[in-house]
Amino acid sequence: MNKNYLDELNDVQREAVITTEGPVMIVAGAGSGKTRVLTYRIAHLIQQGADPFNILALTFTNKAAREMKERIGRIVSKSEARNLWMGTFHSVFARILRAEAERLGYPPNFTIYDTDDSKSVIKTILKEQGLDEKIYKPGLVLGRISAAKNNLISAQAYIQNGQITEEDRMSGKPKIGLIYDLYHKRCFRAGAMDFDDLLFNTNILLRDYPDVLNKYQDKFRYIMVDEYQDTNFSQYVIVKQLAAKFQNICVVGDDAQSIYAFRGANIQNILNFERDYPEMKTFKLEQNYRSTKNIVQAANVIIKNNRDQLEKNVWTSNDEGDKIILMKAHSDNEEGQIVARSIFDTKMHHHAHNKDFAILYRTNAQSRAMEEALRKLNIPYRIYGGLSFYQRKEVKDLLAYYRLTLNHHDEEAFRRIINYPARGIGDTTIDRITIAARDNDVSLWTVCENIAEFALPVNSGTVNKIQDFVTMIKSFAVMVPGQNAYDVGNHIASASGLLRELYTDKTPEGVSRYENVQELLNGLKEFSDSENTPPIELIENDPELQRLEAEKKSEVLEETTGIEAPLRTLDQFMQDIALLTDADSKQTEEDLNKVSMMTIHAAKGLEFPYVFIVGLEENLFPSPLSLNSRADLEEERRLFYVALTRAEKRATISYASTRYKWGTLTSCEPSRFIEEIDLKYIDYGNSAARGEADTFGEPSFGIRKPAATVKQPTSTPPKKLVKASTANAAPTPIDNSHLRNLQVGQTVKHERFGTGQVLQLEGNFPNTKATVHFDQGGQKQLLLKFAKLEIVS
DNA sequence: GTGTAATGCTATTGG
DNA sequence: AGCATTACAC
């Protein structure tokens, strides 16, 4: 057990860690040890006696949550850490919604629609309404709906909002409000929520059900939000509601790294925070531990070009380091070659490993040139993002069978597989089912299940085929509760005919599709066989129930010796499949030593010794779509800032003077961002690509700007931490009055640490801090306010 | 209703 | 250049 974690922190970090009560905002510059602070803060809370069940930490990816849990587990204990509520907003609140779904009229096993599903729903609506897909582009319509939901504007409110409808009318799309309304009804009928609904409906739940709000307020006594600059209004309100009672809310963020405004993130949330909690304390983490001076200072110079930002002075005591290398190529393919070549050389000369390198780009489409070049030099790589495994067609097909099995009303799953593999139910039939469903306001499934009553104008052969399909899905459904996920999933894959369909395709693509489906089945197998600690966070919400649950299971186990632990079923597997992203997938052994390739967005929070930022060209980075507004351009600049600050030792930026776009060759200008870097931080020499000298060298454009007049950050220690004056009144969480007369030397019992002797008492009740030596687990400092202690003698 | 060939459209960024 | 939708022959 690591007790000296506080020694591993600098002064500000330590203050941020031990200030556990009341509202706290941590402004964390790039590479300033933010994750460490968050990790230790949670560990510290637990050491102080807070119950992990009462701690909620919202992270940006599930992977980040998993890694943080592991680190916390190493400081406290694994079993303690497991009880923490940690994950993305979407996954945490999806869980809560499953527990509370029925209040909102959704089934507990509601489907989560991904973007493709959502677009498909919109297409269906457009078709029904006779609207032109070219005017109402599904992606744009969905974006509009999404923005509304993220601002907590319901379909009704949308239609009634004069300003919004005016906007839509002006842009020639007056029907968006109607589409939103139909879209929402359609999803509801299908028992489905899209990504935004997970947050929107959580808000409804907390707004309309005071008992629910109360329950989760009590449960989440301590709330932490990472990457706060990237939360949207809907998320902001959820957090505000949950924290209203205890006000132990800690947000961590960096306005300079806000790169998700396009999906509704709002820097305003940081300002709102100050307004909502005037008592808050602010800590600024300004020392960068990650990067060299050159990188830190160049990044600072760039971000200074933004008008909107909080004042911050990021500095480092690290070495000067290499300058930023600028490489120029004649084409996108050549850019790939020089990057690959540079990686190759660096590996040779600096004994670097593949995993030390990352190639970052603005758009996913840029990965191909890089891939080809790396392949030619036999450099292994892994692409993050892009099409994730779960988005592949064949995988989605099989998942659609699972989804329909678990939620018969899931319309998108239904449409996907009703005639795949082909079973003679064609488009006309499906159209007729759709019309009947719409006219009666029921799901497609309900029509099919009662096909006779709806008297569809189809022939009897078709009716039989539909009935066969219904029967098949129902037969799958009955298997689910009694068998493990793999057995059911495997049966479905064969019985549906999907496996056979794929197996007969012997083209390379077909073989690969078959393998992907096998891979999914392997995943099911692994899930089914994995240790059955039921995902604790899935069970009910308080420790009491939790323990009862555990007892119940062990009793059953005792009675039926030899029988395996409780089943891991298909519905459990499917719970948050839709929320997994590529970044969340566990790294395999193989992945461990590969060059990483991803978009800059996906690189957020990561760090690499050697970073390549490619495609620094006008109309690519910054994106042409960002050039109309200052706000958008500043977001692009922050994106560049994020990219640069991923690098520990060396950053290399590159651009090409020609590039294929839309299949045609276009010529490119170097990005304005290159000019914004002070000349003194850039190395044009391009030593890494020696041997192709004429390709590189002085860039052909005029960055002849004199050194900017920006004052250089110096390597002085941080000034002083900013602190609010008044300490917050501590909340009075539990009744511990029986501990009022606790004496040194008495024996106490703690729920998790067992029995121990009181060694020391400091402070006046109820703010007494007790030092207790536990028989198991050693010495702990506990606050009587929180610790659930019983006096034994 | 099914399968293949031609056409046309699209591409930030992502949970 | 790639993909999805459409057009057309079976």
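Sequence lines set the chain letters: A, B, ... in the order given, protein chains first and strands last, and positions in each chain run from 1.
Of the listed residues (A:V251, A:T61, A:L38), just one forms a side chain to side chain contact (heavy atoms under 4.5 Å, CB included) with A:D226, and that residue is A:L38.
Closest to the A:E636 side chain, of the nucleotides B:dG1, B:dT12, B:dT10, is B:dT12. Between B:dG15, B:dC9, C:dG2, one nucleotide has an atom nearer to the side chain of A:T115 than all others, and that is B:dG15. Ranking B:dG1, B:dG14, B:dT2 by closeness to the A:N419 side chain, first place goes to B:dT2. You'll find that the side chain of A:T363 is closest to B:dT12, out of B:dT12, B:dG3, B:dG15. Of the candidates B:dG1, C:dG2, B:dC9, C:dG2 carries the atom nearest the A:R368 side chain, counting heavy atoms from C-beta on. If you check B:dT13, B:dA11, B:dG14 against the side chain of A:A365, the one that comes closest is B:dA11.
Atom NZ in A:K137 sits roughly 15 Å away from atom P in C:dT5 (whole-Å rounding). Across the protein-nucleic acid pair, A:R263 atom CZ and B:dT12 atom P stand 16 Å apart, rounded to whole Å. If you take CG of A:L633 and P of B:dT13, they are 18 Å apart, rounded to a whole angstrom. Rounded to an integer number of Å, the gap from CG of A:D427 to C1' of C:dA7 is 13 Å. With rounding to whole Å, A:Y420 atom OH is found 16 Å from C:dA4 atom C1'. Going from atom CG of A:L199 over to atom C1' of B:dG15 covers 9 Å, rounded to whole Å.
Mapping A:T428 and A:L579 onto DNA chain B by nearest heavy atom places A:T428 closer to the 5' end of the strand.
Judged by centroid separation below 5.5 Å and plane tilt below 30°, A:F262 stacks onto the base of B:dT13.
Residue A:K123 is in sugar-phosphate contact alone, with no base atom involved, counting any heavy-atom pair closer than 4.0 Å across all strands shown. Contacts of A:K119 with the nucleic acid, taken as non-hydrogen atoms under 4.0 Å apart, are absent. Using a 4.0 Å heavy-atom cutoff across all strands shown, A:D196 reaches at least one base atom of the nucleic acid. As judged by a 4.0 angstrom heavy-atom cut-off over every strand, A:Y660 is placed among residues making no nucleic acid contact.
Counting only heavy atoms from C-beta outward, the side chains of A:E394 and A:L498 never approach each other to under 4.5 Å.
The shortest distance between the side-chain N/O atoms of A:T61 and the OP1/OP2 oxygens of B:dG15 is not below 4.0 Å. Not one side-chain nitrogen or oxygen of A:K465 sits closer than 4.0 Å to the OP1 or OP2 atom of B:dG1. Of the side-chain N and O atoms in A:T599, one or more sit less than 4.0 angstrom from OP1 or OP2 of B:dG14. Side-chain N/O atoms of A:N364 include one lying less than 4.0 angstrom from OP1 or OP2 on B:dT13.
Only the C1' atoms considered, B:dT13 is 22 Å distant from C:dA4, to the nearest whole Å.
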Using the rule given for side chain to side chain contact (heavy atoms under 4.5 Å, CB included), can you reason through A:R659 versus A:Q366, listing the C-alpha separation, both sets of side-chain angles and the distance that settles it, and then say yes or no? CA-CA 10 Å; A:R659 179 178 297 277; A:Q366 290 167 258; 4.0 Å; yes
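Donor-acceptor pairing under 3.5 Å is recorded for the side chains of A:S234 and A:N203.
Relative ring orientation between A:Y106 and A:F110 is described as perpendicular, the plane-to-plane angle rising above 60° on a 0-90° scale split at 30° and 60°.
Geometrically, A:R263 engages A:Y260 in a cation-pi contact, judged by NZ or CZ lying under 6.0 Å from the ring centre and within 45° of the ring axis.
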